[in-house]
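This report concerns only the one structure given below.
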Amino acid sequence: MALTQDQFFQAVASRQIPRVRIAGIVVNDGKVLVQNPADDPSSCYAFIGGEYEVGDTFETRLRKEFEEETNARVVAARYLFCVENHFRYNGHHIQQAEHFFLVSLDRHDIISHEDHLTQHWLPLADLPNVDLRPFVVRDAMASGSYLTDRHLIQMPE
């Protein structure tokens with residue numbers, strides 16, 4: 001059973017430790033692949049990825065997340081940067097160390113494998129006006145610096 005977004009972030013905050021997350025940036029035909037909760041389409045968009053787990057390497061976790069959440073397989077992955085992501089969610093301070101990869105997939109007709117998530121292709125030109133988080137990654141993508149940046153910091157608003 002999938003947790004709601006509120007339940008998920010409450011559980012993350014209750015641990016009182018930084019969460020390590022691995023995420024992929026997929027760009028194709030001037031668009032970037034993102035996802036958001038199916039039960040709350042007004043919530044922010046996020047990059048496909050998940051929490052680093054015991055026994056994983058960054059790349060195995062990345063591959064598992066794409067295979068678990070979509071009908072696509074990772075063909076290639078190149079490490080891009082780390083984001084120190086600090087944000088507040090319903091009054092809780094959340095801190096994540098997020099490692100981003102540039103990802104190539106075996107397909108572009110993406111279908112969700114998880115009922116609680118929907119995937120979307122967003123035009124890169126529209127990114128400055130989209131609620132895609134972390135904002136520092138969205139902004140680096142909009143400017144093109146995501147291919148050269150190595151360390152980004154997102155502080156709470």
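Count residues from 1 along the sequence.
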For the hydrophobic clusters of this structure (ILVMFWY residues joined by side-chain heavy atoms under 4.5 Å, transitively), does one cluster hold both [X] and [Y]?
X: Val74; Y: Trp121; value: yes
X: Val137; Y: Val27; value: yes
X: Val136; Y: Val34; value: yes
X: Ile25; Y: Val130; value: yes
X: Leu132; Y: Leu33; value: no

[X] side chain near [Y] side chain, heavy-atom distance below 4.5 Å:
X: Phe47; Y: Val32; answer: yes
X: His116; Y: Asp39; answer: no
X: Ile22; Y: Phe101; answer: yes
X: Ile94; Y: Arg19; answer: no

Do the charged groups of Lys31 and Asp29 touch, with an N to O distance under 4.0 Å? no
So that I can tick it off, tell me whether Glu98 and Arg21 are bridged by a salt bridge, with the cut-off set at under 4.0 angstrom between side-chain N and carboxylate O. yes
Polar side-chain atom of [X] near backbone of [Y] as donor-acceptor pair, under 3.5 Å:
X: Asp40; Y: Pro37; answer: no
X: Ser112; Y: Leu117; answer: yes
X: Asn71; Y: Asp109; answer: yes

Using the side chain to side chain donor-acceptor pair (under 3.5 Å) rule, take Thr148 and Ser145 through it: C-alpha gap first, then chi angles, then the decisive distance, then the call. CA-CA 5 Å; Thr148 56; Ser145 68; 5.4 Å; no
Specify the closest pair of heavy atoms between [X] and [Y], including all atoms of both residues, with the distance to one decimal.
X: Asp106; Y: Ala72; result: OD1-CA, 3.5 Å
X: Phe66; Y: Thr70; result: O-OG1, 2.7 Å
X: Leu62; Y: Gly24; result: CD1-N, 3.6 Å
X: Gly50; Y: Arg61; result: O-CG, 4.2 Å
X: His93; Y: Pro156; result: CE1-CG, 4.1 Å
X: Cys44; Y: Asn36; result: O-CB, 3.3 Å

So, taking the atom named [atom1] in [X] and the one named [atom2] in [Y], what distance separates them when rounded to the nearest 0.5 Å?
X: Arg78; Y: Leu102; atom1: CZ; atom2: CG; result: 5.5 Å
X: Ser143; Y: Leu124; atom1: OG; atom2: CG; result: 11.0 Å
X: Met155; Y: His86; atom1: CE; atom2: NE2; result: 5.0 Å
X: Tyr79; Y: Phe100; atom1: OH; atom2: CZ; result: 10.0 Å
X: His151; Y: Ile153; atom1: NE2; atom2: CD1; result: 4.5 Å
X: Met141; Y: Leu80; atom1: CE; atom2: CG; result: 9.0 Å

Going through the checks in order, is the side chain to side chain contact (heavy atoms under 4.5 Å, CB included) test met by Leu105 and Asn28? CA-CA 10 Å; Leu105 299 175; Asn28 183 57; over 6 Å; no
Arg63 vs Glu69, salt bridge (charged side-chain N to carboxylate O under 4.0 Å, His left out): CA-CA, chis, key distance, verdict: CA-CA 10 Å; Arg63 290 177 183 281; Glu69 296 177 7; over 6 Å; no
Can you tell me if CG on Asp115 sees more than 12 non-hydrogen neighbours from other groups inside 6.0 Å? no
Considering residues at least two apart in sequence or located in another chain, which fulfil the salt bridge (charged side-chain N to carboxylate O under 4.0 Å, His left out) criterion with Arg73? Glu67
What do you reckon, are the aromatic ring centroids of Tyr45 and His120 less than 6.0 Å apart? yes
Which residue pairs pass the salt bridge (Lys or Arg N to Asp or Glu O under 4.0 Å) test when at least one of the two sits in residues 132-150, sequence neighbours left out? Asp131-Arg133
Would you sort out whether Phe58 and Tyr52 count as a ring pair (Phe, Tyr, Trp, His ring centres under 6.0 Å), showing the intermediate values? CA-CA 7 Å; Phe58 285 178; Tyr52 189 55; 5.0 Å; yes
Between the side chains of Glu84 and Gln154, does any donor sit under 3.5 Å from an acceptor? no
